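Structure first, commentary second.
Excluded from the calculations below are hydrogen atoms, water molecules and symmetry mates; all remaining heavy atoms, backbone and side chain alike, are included. Since this is a predicted model, take the numbers as computed values, not measurements. In the text below, chain A, chain B and the rest are named by the order of the sequence lines, each starting its count at 1.
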Amino acid sequence: MKEVLLDIKDLQVHFRVYGGFLKVLNGTNMRVYSGEKVGLVGETGCGKTTTMKAVMRILPKPHGITPEGKIIFKNKNVLSLKTQEIERLRRNEISMIFQDPTAALNPVFTIGEQLLDVFRYSKKNDGLKGKTLKQMAVDSLRAVALPDPERILASYPIQLSGGMRQRVCIALALANQKQLLIADEPGTSLDVTIQDQILRLIHRLAEERNMAVILISHSLGVIREWTERVYVMYAGSMVEEATTPKLFSQPLHPYTQALMECVPRLTGMKTNEGIPGRIPDYFFPPTGCRFHPRCPKKMAICQEEKPPFYQIDDNHQVACYLYKGES
Amino acid sequence: MNFSRYLIRRLGYSIFVLIGLSILVFMIARLVPGDPARAALGPRASEEAVEQLRSRLHLDQPIYVQYFYWLKSLFQGDLGESLFTRRPVIEDIKEFLPATLELAIFAGILMAFFGILFGVISARYSNTWVDNLIRVFAYLGIATPAFVVAIILLLIFGMYFEVFPTIGRLSAWIDAPPKITGLLTIDSLLTGNFAAFFDALKHLLLPAISLSLGGLFQEARITRSSMIENSKKDYTYSMRAYGVPERVVISKYLFKPSIIPTISILGLDFASLMGNAFLVELLFNWPGLSRYGINVMLRKDVEAIVAVIMVLGVVFTVVNIIVDIIVAYLDPRIRLVEKGE
């Protein structure tokens with residue numbers, strides 16, 4: 001059995017808003033083994049990024065809500081780490097590539113300034129000097145296949161193309177040897193050929209460094225090509241988990257099935273119906289299974305209680321009452 | 001990369017602004033009803049004498065000819081003669097401008113420094129009592145006209161507690177430093193005359209506070225809101241996510257983009273500061289250009305009015321050039337992106 005790297009147990013994240021709470025994450029569970037490539041798929045607004053920001057402890061703070069549940073990374077609960085420990089964790093163990101590379105780079109500092117600071121603070125205790133740090137920055141840009149690193153270090157984000165910015169973001173995220181990389185829809189804002197290059201790059205770096213990757217994507221095609229195991233998320237919790245081939249050959253949860261129906265075919269066989277309705281209001285989320293208002297196969301019990309995970313076989317589980325008898 | 005090109009373009013715009021300003025001010029001054037020659041000579045002067053003065057000042061020529069005469073002499077450093085002080089306007093300006101500059105610069109420094117400081121504190125402790133307190137003072141500071149603040153400060157610190165002088169730039173018993181720049185604080189520092197330096201500073205404080213308060217809180221509000229807005233941006237989270245310590249994230253990666261709007265507004269607030277100086281200088285009996293400006297306006301002293309407004313316009317334009325240069329230096333998006341590219 002492989003070593004468990006990250007174990008998210010019953011994670012709840014609520015945001016305080018005027019007059020109440022947004023109950024965004026509602027008991028999220030997820031497990032990542034070391035060196036594994038895991039996909040996380042779901043509609044916009046279903047809580048994928050929120051879950052990952054909770055793992056990095058970079059959720060927006062002002063509302064003063066601490067997440068509940070557990071995020072165990074290598075036997076430590078991330079949620080109870082002290083500031084210094086969490087900073088060390090971010091430097092050396094977990095990293096994240098943000099959705100939009102343009103927004104993730106500070107517009108008023110050069111790439112060099114930002115990259116060097118990341119190296120400077122993570123290598124502070126190693127006593128490395130400016131010249132060595134700069135060489136490391138140059139090397140990190142070479143590692144993400146950026147030509148002419150010296151020029152890029154002196155550039156501001158606006159002087160680079162979208163693809164280059166995305167590569168710079170990867171260089172920033174992987175400044176140190178990390179064990180887990182969270183890639184939040186990398187390359188979504190870029191055209192498909194560049195997106196493919198970026199995914200290849202992430203894949204290659206993960207292989208070279210024996211790094212686990214959580215790949216968040218809307219695109220089932222991307223998930224199918226680049227991951228080994230998939231979590232499907234809906235409205236704040238996981239609804240299905242399976243190895244990638246299994247999920248695509250035998251999707252069980254009605255939401256997963258509907259999601260697959262939505263994929264446009266290149267062969268153009270038929271028009272898709274889509275999923276009726278939309279992601280629920282987190283202020284008044286539906287009771288029981290949060291998918292029930294949109295579910296074509298809903299039953300009486302779906303409105304009453306949140307379904308637990310039913311283990312279908314060794315590598316397939318689903319949170320749906322349809323499969324109650326099969327586990 | 002194209003910083004020098006940006007500078008040249010920026011300076012080019014300013015020249016147009018100044019030409020426009022000169023035409024506008026000149027027109028307004030000449031179109032004011034009443035005859036300046038008659039006003040200068042008094043009601044008893046003979047019609048001939050008035051006529052003579054009119055032709056000497058080119059007042060009998062068409063207005064655009066008058067403008068070009070005025071422009072020509074402007075380039076010769078001749079701003080005409082004040083009918084009120086009976087000496088060249090340029091001499092008056094040399095005498096009164098440094099006092100106003102010193103006051104405005106000091107007030108500007110207060111405005112920028114404390115504005116940004118309060119803004120950062122307010123953002124850092126947003127929605128706590130500290131933030132609320134600053135915001136209440138901000139509303140008061142912005143809503144209260146500078147001359148009202150001046151009167152309140154005069155009453156409290158000048159009359160009631162008598163801790164600050166209320167009149168002029170320097171106490172009578174202090175030897176004035178020799179005139180080098182005309183700014184008393186700088187001249188006294190240059191000559192090592194610390195008694196004069198502290199005395200001049202004491203005189204500066206109340207009028208400078210009165211002048212700066214409105215702009216100061218304006219800056220604080222803008223700094224606060226842009227810091228809070230930028231703290232929600234991905235680039236703040238990303239630096240945090242890569243292990244850069246919180247204090248660096250805030251004091252560097254959040255601070256720099258957040259003060260750019262503050263500094264742009266600073267130039268405009270400096271303009272209203274110069275405008276408020278007219279009344280504040282009067283209240284503190286500050287021997288500056290604005291007080292001189294009021295005197296010449298009340299006497300319809302055309303050459304002097306035009307010169308005062310031109311000088312203030314030039315000061316304002318120069319301040320805004322400096323502000324734009326600082327902003328372009330801080331923000332590569334302005335410096336590197338040319339329009340139409």
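Within a 6.0 Å sphere centred on CG of A:Asp148, heavy atoms belonging to other residues, nucleotides or ligands number more than 12. Within 6.0 Å of atom CZ in B:Arg124, 12 or fewer heavy atoms from other residues, nucleotides or ligands are found, so the atom counts as exposed in its surroundings. Residue A:Phe283 qualifies as enclosed at atom CZ: its count of foreign heavy atoms under 6.0 Å is above 12. Summarising the local packing, CD of A:Gln84 is surrounded by 12 or fewer heavy atoms from other residues, nucleotides or ligands at distances under 6.0 Å. When the shell of 6.0 Å around NZ of B:Lys233 is examined, it contains more than 12 heavy atoms from other residues, nucleotides or ligands. Atom NZ of B:Lys252 sits in a crowded spot, with more than 12 heavy atoms from other residues, nucleotides or ligands closer than 6.0 Å.
Counting all heavy atoms, side chain and backbone alike, B:Asp234 lies closest to A:Ala103 at CB-O, 3.5 Å. Scanning both residues, B:Pro332 and A:Tyr156, for their nearest heavy atoms gives CG-CD2, 3.1 Å. The minimum heavy-atom distance between A:Glu87 and B:Val244, with the atom names listed, is OE2-O, 4.4 Å. Smallest separation of non-hydrogen atoms from B:Ser238 and A:Ala104: OG-O, 2.8 Å. A:Ile97 approaches B:Tyr242 most closely through the heavy-atom pair CA-OH, 4.3 Å. Of all heavy-atom pairs between B:Ala241 and A:Met56, the closest is O-CE, 3.4 Å.
When heavy atoms are compared at a cutoff of 4.5 Å, A:Leu89 does not approach chain B at all. Both the backbone and the side chain of A:Ala173 come within less than 4.5 Å of a heavy atom of chain B. Residue B:Ile228: no heavy atom, backbone or side chain, is found under 4.5 Å from chain A.
Along residues 99-119 of chain B, no residue comes nearer than 4.5 angstrom to chain A, judged on non-hydrogen atoms. When the heavy atoms of residues 105-116 of chain A are compared with those of chain B, the residues falling under 4.5 Å are A:Leu105, A:Asn106, A:Pro107, A:Val108, A:Phe109, A:Glu113, A:Gln114, listed by number.
Using a 4.5 Å heavy-atom cutoff, the side chains of B:Arg333 and A:Pro157 are not in contact.
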